[in-house]
Amino acid sequence: GENVEQHPSTLSVQEGDSAVIKCTYSDSASNYFPWYKQELGKGPQLIIDIRSNVGEKKDQRIAVTLNKTAKHFSLHITETQPEDSAVYFCAASPMKTSYDKVIFGPGTSLSVIP
Amino acid sequence: SQTIHQWPATLVQPVGSPLSLECTVEGTSNPNLYWYRQAAGRGLQLLFYSVGIGQISSEVPQNLSASRPQDRQFILSSKKLLLSDSGFYLCACRGESSYNEQFFGPGTRLTVL
């Protein structure tokens, strides 16, 4: 089955700097890669996703890249702000079927220091 | 878009007591629903999923059970709680696009003493 690894497990950056979180997956059938942000005491929130027919996607200060050959995908946050502090989860999933399991990485705790 | 409600928001229960957590979904019909557990500082563990009323699949053996009595209602239960059942329980709903977006509820914090 699919296995998703995520690095680093913790990350501290100064406000205004960039943050990069990297994930790898094992199942070449995966073609959907969402990223979630979880603030303390809340449920994870989908912030951006990328699909296997796209190599890069950007939404304001957040960008994701995908390398299907290497089975790597990454989250880039530029001009970090204190409100970006949270736990971030990457995930991988195959094409939607009647049963679709999303495999999550273990998470990265991001701290943005004012 | 769908909205997911969970209650209670927090719960403190003694070991050996029963449990019932409820999840309801608005804004969609016949959704796939999921129960996840998140231990403190850990990732998301899929416990159960359901593709329809009365249809439950379990991902890990445990003393928890799930039921789906209505299309947009998903319940997590236990007859006797263990200390190890403590955690943050999240209900999720699959989106309606052709990809596996999952949308999460606000969660229930369960502490078993």
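What you see is a predicted model, and the numbers here were worked out from it, not measured in a lab. These values consider heavy atoms only, across backbone and side chains, with no hydrogens, waters or symmetry-generated copies. Each chain gets a letter, A, B and so on, in the order its sequence line appears, and its residues count up from 1.
Heavy atoms from other residues, nucleotides or ligands lying under 6.0 Å from CD of A:Glu79 number 12 at most. The 12-atom threshold is exceeded at CD of A:Glu83, counting heavy atoms of other residues, nucleotides or ligands nearer than 6.0 Å. Applying the 6.0 Å contact sphere to NZ of A:Lys22 captures no more than 12 heavy atoms from other residues, nucleotides or ligands. A:Gln45 CD: 12 or fewer foreign heavy atoms inside a 6.0 Å radius. The number of heavy-atom neighbours closer than 6.0 Å to CG of A:Leu40, taken from other residues, nucleotides and ligands shown, is 12 or below.
Two different hydrophobic clusters hold A:Tyr36 and A:Ile47 under the rule that ILVMFWY side chains link at heavy-atom gaps under 4.5 Å. A continuous path of hydrophobic side-chain contacts links B:Val25 to B:Leu47 [ILVMFWY only; heavy atoms under 4.5 Å]. Both B:Ile4 and B:Ile56 belong to a common hydrophobic cluster when Ile, Leu, Val, Met, Phe, Trp and Tyr are linked at side-chain heavy-atom distances under 4.5 angstrom.
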Check: Should B:Phe104 and A:Gln38 be marked as a side-chain contact (heavy atoms from CB on, under 4.5 Å) after you check the CA-CA gap, both sets of side-chain angles, and the distance that decides it?
Finding: CA-CA 10 Å; B:Phe104 288 85; A:Gln38 186 178 27; over 6 Å; no
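Distance CG/A:Leu46 to CD/B:Gln102: 10.0 Å, rounded to 0.5 Å.
Residue A:Phe89 comes nearest to B:Gln38 through the heavy atom pair CZ-NE2, 3.4 Å, listed as atom of the first residue, atom of the second, then distance. Listed here is the closest heavy atom pair of A:Val102 and B:Tyr36: O-OH, 4.2 Å.
Of the two parts of A:Gln6, neither the backbone nor the side chain holds a non-hydrogen atom closer than 4.5 Å to a non-hydrogen atom of chain B. Residue B:Gln45: no heavy atom, backbone or side chain, is found under 4.5 Å from chain A.
The shortest side-chain heavy-atom distance between B:Leu90 and A:Lys42 does not fall under the 4.5 Å cut-off.
Contacts between residues 103-114 of chain A and chain B, counted as heavy-atom pairs separated by less than 4.5 Å, involve A:Phe104, A:Pro106.
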